[in-house]
S.K.: 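I'd like to ask some things about the structure below.
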Amino acid sequence: MSAPATPATEADAVTETPRLRTTLRRRLFWIGAIVLAILGALFTVFSSASGIPDGERFSVGNAGASGSRAVAEVLRQQGVDVVEASTLEAAQSAVDAAGGRAGILFSDASGYLDQDGRDAVRALAEGGADLVLVEPGSDELESMTDGIANAGAAEDSSSVAAGCTLPAAERAGTISQPSWAYRLLEAGEAGAASAGTDTVTCFAAGGDSFALLQQPAGDGTVTVLGAGDALTNGSVALQGNAALVLGLLGTHETLVWYQPGYEDFDGATPTLGELTPGWVTPVILVLLLTTVAAGLWRGRRFGPVVVENLPVTVRASETMEGRARLYARQSAHGRALDALRIGTISRLTAALNLPRYASVVEVSRSVANSTGRPVDEVHDILVGAVPRSERELLEYSDRLLVLEQQVAANRPR
Amino acid sequence: MTVTGRLVALVALGVVPVVLIGEFYDRALEALLVWIALVVSLVVIDLVAAASPRRLRIERTLPARVRLGESATSTLFLTNTGRRMLRAVVRDAWQPSAGPSTARQPVAIPAAERRGLTLTLTPFRRGERRTERITVRSTGPLGLAARQATLTAPGRIRVLPPFNARKHLPSRLARLRELDGRASVMIRGQGTEFDSLREYVRGDDVRSIDWRATARHSDVMVRTWRPERDRRVVIVIDTGRTQAARIDDEPRIDTAFESALLLAALATRAGDRVDVILYDRRLRGRVHGASGPELLSRMVDVMAPIDPDLIEMDWTAVPGLVRQVTTQRSLVVLATAIDAPGISRELMAIVPQLTRDHTVVVSSVTDPDVLAGVHRRGDREEVYRAAAAERALLDAARVTTVLKRFGADVITGSPAELPPALADRYIALKAAGRL
């Protein structure tokens, strides 16, 4: 019966899995939507110029009022090769590439460069380059100039006249209000010029302070420019600002625009990124791709899930268990003992061959006869006693069992 | 499309060139990109070179029926109609309760050839077990990627009730033969239909001596009797909600099926006609007018897919159903559950209608857990449990008393005991000539 017939059922293989083409067509909307979203995001990023706007002062890339793109662009148009450098190494290699004879614009408002770095920059000037320090602080003045000190903010005045023979300054004539003024240290002051004073001072800004000072340094020169505003896009067109800065910076075919960045800071100890070999990131990528491939491998389902209706599993004794728990929770000892007694009495009735409708009194009398126990006691066990606690319930339940066993043992055969 | 573990290993292997080239030539990123390009192109080559899983012709060879607890062999013949060698893993998506021996089978089929995949099914649930589709994952020659397709290939197998109670059949048949006059010793009272006259042998009941025939012959003749034949047995199986409850991990309805099968096997051998009705609120199944081996095979076939429904049994329609089957006096067996007076009210209401015309036997499964619970009184929980068990027995006893007063016979027993008990009752009724 288990295998009465083996009919061959031939089925035409109908494919349920859609072809790639069909899937693509079906998902066209979503694929299009995702592509559009990505394109939109890319467009938004690129349309807002270059990601993060460059807001640094004197930066070549900054087209705002505080930037210096105008000056750099004009210099480039005039044939000057403006090289941006954000690290000392880059600046050094750019100067070296120009054979040591280059203009260097140095601006380090955040003070990233340390003493050694500043010495290295001055060494470039001594090697033949023309170094222009834009609004230097006292640290820079101390290590990169010879006897020039900060003189605080320049006096208020709408324009300042050159008043010197420096060609660039002469051509400029007047410049707009400079920010900072500098002075030459008197002989005897700490840090005063060691080798005479062949420093040219221009643009007097009150007292003996100036907005532009130039002194020779080795084969090159060091120029201190207090009128930093003259470099900015916002002010370069005022008065002789443009003539001044173009004259100062356009002396060589190469201008290294050096603004020390974060990389110059604490350059002595290499960072973790510098210590790790170059292949670490690609290896991480390989492992990532492996994870993705493993996910595809294990995650691909082998066909659709099979559905099956399963029967409910209900144990028939659940209702009995439930009723038992209800009795227990309510501590219904009276009701529980009643049920036990009814069961015992009906079994005793059968065991003693009494009629099915025999009264309890008859049953207890019979049981007493059979077991030899007093009728009152038997009656008490079977109906009389009222349990007042669970302990008594257990006690009576045991007595009922004992009674049944005694009757069964004494049963006439 | 899918990828294999080999591809994962290949991608991971990319660490070696990336580290080596990164260390010695400082070109780790380029090495990575080249590696990715290599892997992707290998995957594409593999996918293009893999045989199409769609170009398959499928045939199934499958037995129509299997008895629960036994195994059947299902063979799936796959013909590769494509032009390339198909190396694939095939999943035949049987329902879990069909008990397939394995879920995935590897197969290699050259172009235009056919291969058979054999699967052993050992179902663990009665009813119709199906498979709707197969999934073929065809791997490319490099074993890096695979094409996957799901193909429709329906198959079904009917899992019949196990009829474990058939082990009781030989002993009951022997007792039936004793009644039938075929056994050597005839005891008067076994059967009521006059059969024949034969010579007296020692041991025969002297009361059965036919004196008139003895006078005609020169020998002492006795009358022999045989049980009535061509009586009707109507088995009504309740398929309502109470039959879903499990006793000894077997639904009540399965016990009812076992009892019905044993009774039917016995009755049809005894020459009685058996009708089976499966009913709750609508007719779920019916076997009518079959006898002999055909009766049993039709019964198991009808019973196989029937599970209890979560609806209340409508007893009021049962007398009408029985009347449709026969108006002759017959044995009506009601296979149901006797629980509590509230649930069995309708049953109690219709039993008098049936007992007026028929001999009625109500068979019900009792829970051995309940019976055992009565005498287990070790602690507080057990005493309460014993009380609840006594209450349940009392409820059932009240229903039983009412049914008996209305003239019905009530048979109760655990799932293992009920089928032979019902068979014994049938034999007793037959012997007493009450059919």
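Only this structure's heavy atoms are used, side chains among them; waters, hydrogens and symmetry mates stay out. Here is how names work: the chains are called A, B, and so on, in the same order as the sequence lines, proteins then strands, and each is numbered from 1.
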S.K.: Under a 4.5 Å heavy-atom cutoff, which of B:V89, B:D26, B:V374, B:I21 has the most pairs with chain A?
M.R.: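 Option with the top pair count is B:V89.
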S.K.: Name the region of A:I342, side chain, backbone, both or neither, that has any atom closer than 4.5 Å to a heavy atom of chain B.
M.R.: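 When you check distances to chain B, only side chain atoms of A:I342 fall under 4.5 Å.
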S.K.: Which region of A:R19, side chain (C-beta onward) or backbone (N, CA, C, O), has a non-hydrogen atom less than 4.5 Å from a non-hydrogen atom of chain B, or is it both or neither?
M.R.: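 Looking at A:R19, backbone and side chain both touch chain B.
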S.K.: Between B:R385, B:E381, B:R147, which shows the greatest number of heavy-atom pairs under 4.5 Å with chain A?
M.R.: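 The option with the most such pairs is B:R385.
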S.K.: Do B:R60 side-chain atoms and B:A153 backbone N/O form a donor-acceptor pair below 3.5 Å?
M.R.: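 Yes; judged by distance alone, with no hydrogens or angles, the pair exists.
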S.K.: With a 4.0 Å cut-off, would you call B:R377 and B:E382 a salt bridge?
M.R.: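 Between B:E382 and B:R377 there is no salt bridge, as every charged N stays at least 4.0 Å from the carboxylate O atoms.
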S.K.: Between B:L7 and chain A, with a heavy-atom cut-off of 4.5 Å, which part of the residue counts as in contact: side chain, backbone, both or neither?
M.R.: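 Side chain only.
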S.K.: For B:W35, which atoms come within 4.5 Å of any heavy atom of chain A: side chain, backbone, both, or neither?
M.R.: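 Neither part.
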S.K.: Give a yes or no on whether the backbone of B:E128 and the side-chain of B:R158 come within a donor-acceptor separation of less than 3.5 Å.
M.R.: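 No; judged by distance alone, with no hydrogens or angles, the pair does not exist.
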S.K.: Taking only Lys NZ, Arg NE, NH1 and NH2, and the carboxylate oxygens of Asp or Glu, determine whether A:R373 and A:D380 approach each other closer than 4.0 Å.
M.R.: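 No salt bridge links A:R373 with A:D380.
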S.K.: What residue in B:D369, B:V15, B:V19, B:V370 has the most heavy-atom pairs under 4.5 Å with chain A?
M.R.: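 Heavy-atom pair counts peak at B:V19.
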S.K.: Would you mind checking if A:E308 and B:R129 are paired as a salt bridge, meaning a charged N to carboxylate O distance below 4.0 Å?
M.R.: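 Salt bridge flag = yes for A:E308 with B:R129.
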S.K.: Under 6.0 Å from the CZ atom of B:R125, do we count more than 12 heavy atoms belonging to anything else shown?
M.R.: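 Yes, enclosed.
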S.K.: Measure A:V307 against the heavy atoms of chain B and call it side chain, backbone, both or neither at under 4.5 Å.
M.R.: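 Backbone only.
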S.K.: Identify which part of B:R55 has an atom lying under 4.5 Å from any heavy atom of chain A, answering side chain, backbone, both or neither.
M.R.: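 Nothing of B:R55, per the 4.5 Å heavy-atom cut-off to chain A.
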S.K.: Sort out for me which of B:R252, B:R104, B:H375 touches chain A most, counting heavy-atom pairs under 4.5 Å.
M.R.: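 Greatest number of close heavy-atom pairs with chain A: B:R104.
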S.K.: For chain A, find which of B:M1, B:R27, B:E132 contributes the most heavy-atom pairs closer than 4.5 angstrom.
M.R.: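 Highest number of pairs under 4.5 Å: B:M1.
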S.K.: For each of B:S97, B:G373, B:A392, tally heavy-atom pairs with chain A at distances under 4.5 Å, and name the one with the top tally.
M.R.: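 That would be B:S97.
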S.K.: Tell me, side chain or backbone of B:R133 under 4.5 Å from chain A's heavy atoms, or both, or neither?
M.R.: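 When you check distances to chain A, only side chain atoms of B:R133 fall under 4.5 Å.
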S.K.: So for B:A244, is it side chain, backbone, both, or neither that comes closer than 4.5 Å to the heavy atoms of chain A?
M.R.: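 Backbone only.
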S.K.: Please state whether the side chain, the backbone, both or neither of B:D367 comes within less than 4.5 Å of a heavy atom of chain A.
M.R.: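 For B:D367, the contact with chain A is made by the side chain alone.
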S.K.: Against chain A, label B:P308 side chain, backbone, both or neither, depending on which of its atoms sit under 4.5 Å from a heavy atom there.
M.R.: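 Neither part.
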S.K.: With heavy-atom distances below 4.5 Å as the criterion, would you say the side chains of A:L354 and A:S366 are in contact?
M.R.: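 Sidechains of A:S366 and A:L354: in contact.
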S.K.: Between A:R315 and A:E318, does any side-chain N to carboxylate O distance fall below 4.0 Å?
M.R.: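 Answer for the salt bridge query: yes.
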S.K.: Check whether A:P18 gets within reach of chain B through its side chain, its backbone, both or neither, counting any heavy atom under 4.5 Å.
M.R.: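 Just its backbone gets close to chain B.
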S.K.: Counting only non-hydrogen atoms closer than 4.5 Å, does A:L287 touch chain B with its backbone (N, CA, C, O), its side chain (CB onward), both, or neither?
M.R.: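 Interface part for A:L287: side chain.
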S.K.: With only heavy atoms counted, which part of B:D379 is less than 4.5 Å from chain A, the side chain, the backbone, both or neither?
M.R.: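 Interface part for B:D379: backbone (N, CA, C, O).
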S.K.: Should the pair A:R335-A:D338 be classified as a salt bridge under the 4.0 Å nitrogen-to-oxygen rule?
M.R.: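 No, A:R335 and A:D338 are not salt-bridged.
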S.K.: Hey, is the main chain of A:A293 close enough, under 3.5 Å, to the side chain of A:R298 for a donor-acceptor pair?
M.R.: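 Absent.
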S.K.: Any Lys/Arg nitrogen of B:R65 or B:D301 sitting under 4.0 Å from an Asp/Glu carboxylate oxygen of the other?
M.R.: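 Looking at B:D301 together with B:R65, the answer is yes, because their closest N to O distance falls below 4.0 Å.
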S.K.: Under 4.5 Å from any heavy atom of chain B, what part of A:L326 do you find: side chain, backbone, both or neither?
M.R.: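 Neither part.
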S.K.: A:P277, A:G278, A:A294: which one forms the most heavy-atom pairs within less than 4.5 Å of chain B?
M.R.: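 With the most close heavy-atom pairs to chain B, the winner is A:A294.
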S.K.: Are A:E395 and A:R399 close enough for a salt bridge, meaning some N to O gap below 4.0 Å?
M.R.: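 Judged by the 4.0 Å cut-off on N to carboxylate O distance, A:E395 and A:R399 do form a salt bridge.
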